[in-house]
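Since the structure comes first, as structure tokens, the remarks are kept for the end.
Only heavy atoms go into these numbers, but all of them, side chains included; no hydrogens, no water, no symmetry mates.
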Amino acid sequence: AAFSTGNIPGTNINATQLPDVPVTQIKYEEESFDFGVADEGTVVKHLFKFTNTGSEPLIISNAKGSCGCTVPTWPKQPVPPGGNAEISVEFDTKGKPGRQTKSVTVTANTMPTDTHLEITGEVRSKDQPVSKGGK
């Protein structure tokens with residue numbers, strides 16, 4: 001074989017880690033947002049601002065909502081050390097009456113690779129006043 005034996009990076013470790021990319025840190029202004037009460041059928045939007053507090057460019061490879069109703073948009077360009085950027089999260093309340101907690105998993109060259117953002121609140125049903133229990 002053309003490579004030396006010993007510790008071979010990239011074998012049997014967290015598969016979401018980006019290959020050969022230095023690790024940095026992400027610091028969110030807030031990791032969770034409570035939208036209060038929204039009427040069913042509205043789209044709740046929130047910007048999660050963050051800073052790259054590490055010494056390497058921050059590269060977000062993916063951001064994924066906990067369900068199809070939660071859609072994140074994130075910067076595709078690397079965020080330089082000390083730089084600020086934001087992740088926009090849209091939560092579509094259609095068909096989601098009651099208390100809601102939705103999360104977004106952000107995958108980046110951070111340690112750990114996955115960090116989490118959360119949107120919570122109460123969705124008021126179109127048909128009836130807010131019920132204490134969900135469907």
Keeping the roles fixed (side chain from [X], backbone from [Y]), state whether a donor-acceptor pair exists under 3.5 Å.
X     : Y      : value
Thr51 : Thr53  : no
Lys64 : Asn62  : no
Thr70 : Gly65  : no
Thr93 : Asp39  : yes
Asn52 : Val79  : yes
Ser66 : Ser103 : yes

Could you grab the distance from atom [atom1] of [X] to atom [atom2] of [Y], nearest 0.5 Å is fine?
X      : Y     : atom1 : atom2 : value
Gln25  : Lys27 : CD    : NZ    : 11.5 Å
Glu122 : Arg99 : CD    : CZ    : 6.0 Å
His116 : Tyr28 : NE2   : OH    : 9.0 Å

If you compare all heavy atoms of [X] against all heavy atoms of [Y], which two are closest, and at what distance to 0.1 Å?
X      : Y     : answer
Cys69  : Lys96 : SG-CE, 3.5 Å
Asn109 : Pro22 : ND2-O, 3.0 Å
Trp74  : Ser61 : CZ2-O, 4.2 Å
Ser88  : Leu47 : CB-CD2, 3.5 Å
Ser55  : Thr24 : N-OG1, 3.7 Å
Pro78  : Pro57 : CB-CB, 4.0 Å

Return the set of residues passing side chain to side chain contact (heavy atoms under 4.5 Å, CB included) with Lys94 (not counting sequence neighbours), or none when no residue passes.
Asp92
Salt bridge check, Lys126 against Glu40: does any charged N sit closer than 4.0 Å to a carboxylate O?
no
Do Lys102 and Asp34 meet the salt-bridge criterion of a basic N to acidic O distance under 4.0 Å?
no
Can you label the angle between the Phe33 ring and the Phe48 ring as parallel, tilted or perpendicular, going by 30° and 60°?
perpendicular
Note, [X] side chain near [Y] side chain (heavy atom, < 4.5 Å):
X      : Y      : answer
Thr120 : Gln100 : no
Phe35  : Ile119 : yes
Ile60  : Thr107 : no

More than 12 non-hydrogen atoms from neighbouring residues, nucleotides or ligands closer than 6.0 Å to CD on Glu30, yes or no?
yes
Of Leu117, Thr115, Ile87, Val106, the residue whose pairing with Phe50 passes side-chain contact (heavy atoms from CB on, under 4.5 Å)
Ile87
Show the numbers, then the answer: is there a side-chain contact (heavy atoms from CB on, under 4.5 Å) between Thr101 and Glu118?
CA-CA 7 Å; Thr101 301; Glu118 201 174 71; 3.5 Å; yes
